[in-house]
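Heads up: the structure comes next, in structure tokens.
FYI, side chains are in, hydrogens and waters are out, and symmetry mates aren't considered; it's all heavy atoms of this structure.
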Amino acid sequence: MSLPLFLIPSLPPGPSYVLDGPEGHHAADVQRLTPGEALLLADGRGGLVRGVVVSARKGSLALELDSPTFEPAPDPALTVVQGIAKGERGELAVQLLTEVGVDRIVPWQAARSVARWKDDRPLERWRSTVREAAKQSRRSWVPTVSPAATTKQLSLSGVVFVLHEEASVPLSAVPLPSSGEITLVVGPEGGVAPEELDVIGGTPVRLGREVLRTSTAGAAAVAALSVRLGRW
């Protein structure tokens, strides 16, 4: 079984470290790690270090650390513009996207989005979900979650693909760049409105004959791209 991973603001400069705060509580009181057990510390920006528990007390662990390592950011980067969905479907979407390797998520207030964000609380929930999913999937890079944007506010970069059930070109067949950024646009429950396609541009693509929910379509597309890009 892989080692549990905990996120900290920055990697320690020395060979010892005390893990406390929320992460220390989770490690010491929830997972109940004991002296001699190992774990991973990550800064969310590619830095990673293995540590061994020297002593444990309520809410904190004293660690002895190995030399830190750094994992370069994936290239090309994978960005998903995720249509805001109602209920918990949006949070499920970003959880799955994180687990399969997305690098950046843009919440999209699409024309057919039923849910409307009136403040920053949904954004903070998405960011919290991404952070926990990154820990669960042992990621040294935590995906960024940008502020929500309307269709006119979207600023897309790199090669853009729009998941669309009526597209004739499969995602498995489109050419991919060797570096830079790939942006996938995933509509909400009602799909991407025709007028939005004109504004967004890019290449409409399909995943297959099946129609996936907005909560799973992006993750399926990222998984397919990860195979083609050699990430998996």
Side-chain angles (χ1 to χ4, degrees), residues 2 4-11 22-23 26 40-49 69-85 88-110 113 117 120-149 153-163 171 176-177 179-188 202 212-232:
S2 58
L5 183 144
F6 301 91
L7 291 169
I8 56 178
S10 60
L11 295 188
E23 295 291 77
H26 189 75
L40 297 173
L41 299 178
D43 61 7
R45 300 179 300 279
L48 192 68
V49 63
T69 61
F70 179 78
E71 181 179 328
D75 184 32
L78 295 177
T79 292
V80 170
V81 176
Q82 174 65 52
I84 293 174
E88 298 179 352
R89 290 179 182 173
E91 291 172 37
L92 175 59
V94 299
Q95 174 189 330
L96 295 176
L97 286 170
T98 302
E99 291 177 1
V100 297
V102 75
D103 301 302
R104 177 171 169 252
I105 299 171
V106 181
W108 176 30
Q109 193 72 69
S113 290
W117 288 6
D120 288 338
R121 286 179 293 180
L123 175 62
E124 293 307 314
R125 285 197 295 270
W126 278 32
R127 287 174 172 169
S128 177
T129 299
V130 164
R131 179 181 173 87
E132 293 306 310
K135 290 165 57 178
Q136 187 278 329
S137 52
R138 314 298 197 265
R139 292 190 58 173
S140 60
W141 283 91
V142 177
T144 60
V145 183
S146 302
Q153 293 171 334
L154 287 177
S155 179
L156 307 183
S157 56
V159 177
V160 179
F161 300 117
V162 182
L163 298 186
L171 181 60
L176 302 178
S179 63
E181 184 174 8
I182 298 172
T183 298
L184 286 166
V185 179
V186 183
L212 278 66
R213 288 183 178 273
T214 185
S215 54
T216 55
V222 170
L225 289 175
S226 294
V227 173
R228 294 191 59 193
L229 294 170
R231 289 189 176 198
W232 286 16

Problem - Arg45 side-chain N/O to Ala73 backbone N/O, donor-acceptor pair under 3.5 Å - result: no
Handout entry: Glu132 vs Lys135 side-chain heavy atoms within contact, under 4.5 Å
Key = yes
Problem - Any Phe161 side-chain heavy atom under 4.5 Å of Leu163 side chain - result: no
Handout entry: Check: Ser113 side chain, Ala110 main-chain N or O, donor-acceptor pair, under 3.5 Å
Key = yes
Problem - Atom pair CG (Leu41) and OG (Ser10), whose distance is rounded to the nearest 0.5 Å - result: 10.5 Å
Problem - Gln95 vs Glu99, side-chain hydrogen bond (donor to acceptor under 3.5 Å, both in side chains): CA-CA, chis, key distance, verdict - result: CA-CA 6 Å; Gln95 174 189 330; Glu99 291 177 1; 3.3 Å; yes
Completion exercise
For Ala148 and Trp117, the nearest pair of non-hydrogen atoms, with its separation, is CB-CE3, 3.7 Å
Practice task
Flag yes if more than 12 heavy atoms outside Gln136 fall under 6.0 Å of its CD atom; otherwise flag no.
Solution key: yes
Practice task
Scan side-chain atoms only and decide if Gln82 and Thr214 contain a donor-acceptor pair under the 3.5 Å cut-off.
Solution key: yes
Handout entry: Side chain to side chain, Ser215 and Leu96, heavy atoms closer than 4.5 Å
Key = no
Fill in the blank from the handout: Rounded to the nearest 0.5 Å, the CG atom of Asp103 sits from the OG1 atom of Thr144 at a distance of 8.0 Å
Practice task
Decide yes or no for Leu225 and Leu184: does some side-chain heavy atom of the first lie under 4.5 Å from some side-chain heavy atom of the second?
Solution key: yes
Handout entry: Test item: Val94 and Val145 side chains (from C-beta on) under 4.5 Å apart, heavy atoms
Key = no
Handout entry: Minimum-distance pair of heavy atoms, taken over all atoms of Ser146 and Val106
Key = OG-CG2, 4.1 Å
Practice task
Measure the spacing between CG of Leu40 and CZ of Arg138 and express it to the nearest 0.5 Å.
Solution key: 8.0 Å
Exercise for the section: Working to the nearest 0.5 Å, report the span between CD1 of Ile105 and CH2 of Trp126. Expected result: 7.0 Å
Problem - Lys/Arg-Asp/Glu bridge criterion (N-O < 4.0 Å) met for Glu124, Arg127 - result: yes
Exercise for the section: Search all heavy atoms of Ser179 against all heavy atoms of Pro76 and return the closest pair with its distance. Expected result: C-CB, 3.8 Å
Fill in the blank from the handout: Residues Thr69 and Leu11: closest non-hydrogen pair is O-CD1, 4.5 Å
Practice task
Check Asp75 against Gly180 and note the closest heavy-atom contact, atom names and distance.
Solution key: OD1-N, 2.8 Å
Completion exercise
Only one of Thr79, Leu97, Thr183 passes side-chain contact (heavy atoms from CB on, under 4.5 Å) with Arg104, and that residue is Thr79
Problem - Backbone N/O of Ala133 and side chain of Ser137: donor-acceptor pair under 3.5 Å - result: yes
Problem - Test item: Ser226 and Val100 side chains (from C-beta on) under 4.5 Å apart, heavy atoms - result: no
Problem - N/O donor-acceptor pair under 3.5 Å between Trp141 side chain and Glu71 backbone - result: yes
Exercise for the section: Count the heavy atoms belonging to other residues, nucleotides or ligands that lie under 6.0 Å from CZ of Arg231, then report whether that count exceeds 12. Expected result: yes
Problem - Check: Arg139 side chain, Thr98 main-chain N or O, donor-acceptor pair, under 3.5 Å - result: yes
Exercise for the section: Please step through side chain to side chain contact (heavy atoms under 4.5 Å, CB included) for the pair Leu5 and Leu48, ending with a clear verdict. Expected result: CA-CA 9 Å; Leu5 183 144; Leu48 192 68; 3.9 Å; yes
Exercise for the section: First locate atom CG of Leu123, then atom CD1 of Ile84, and finally report the distance between them rounded to the nearest 0.5 Å. Expected result: 9.0 Å
Exercise for the section: Drop me the distance from Ser140's OG to Leu7's CG, to the nearest 0.5 angstrom. Expected result: 10.0 Å
Handout entry: side chain to side chain contact (heavy atoms under 4.5 Å, CB included) between Leu176 and Val159, worked out
Key = CA-CA 8 Å; Leu176 302 178; Val159 177; over 6 Å; no
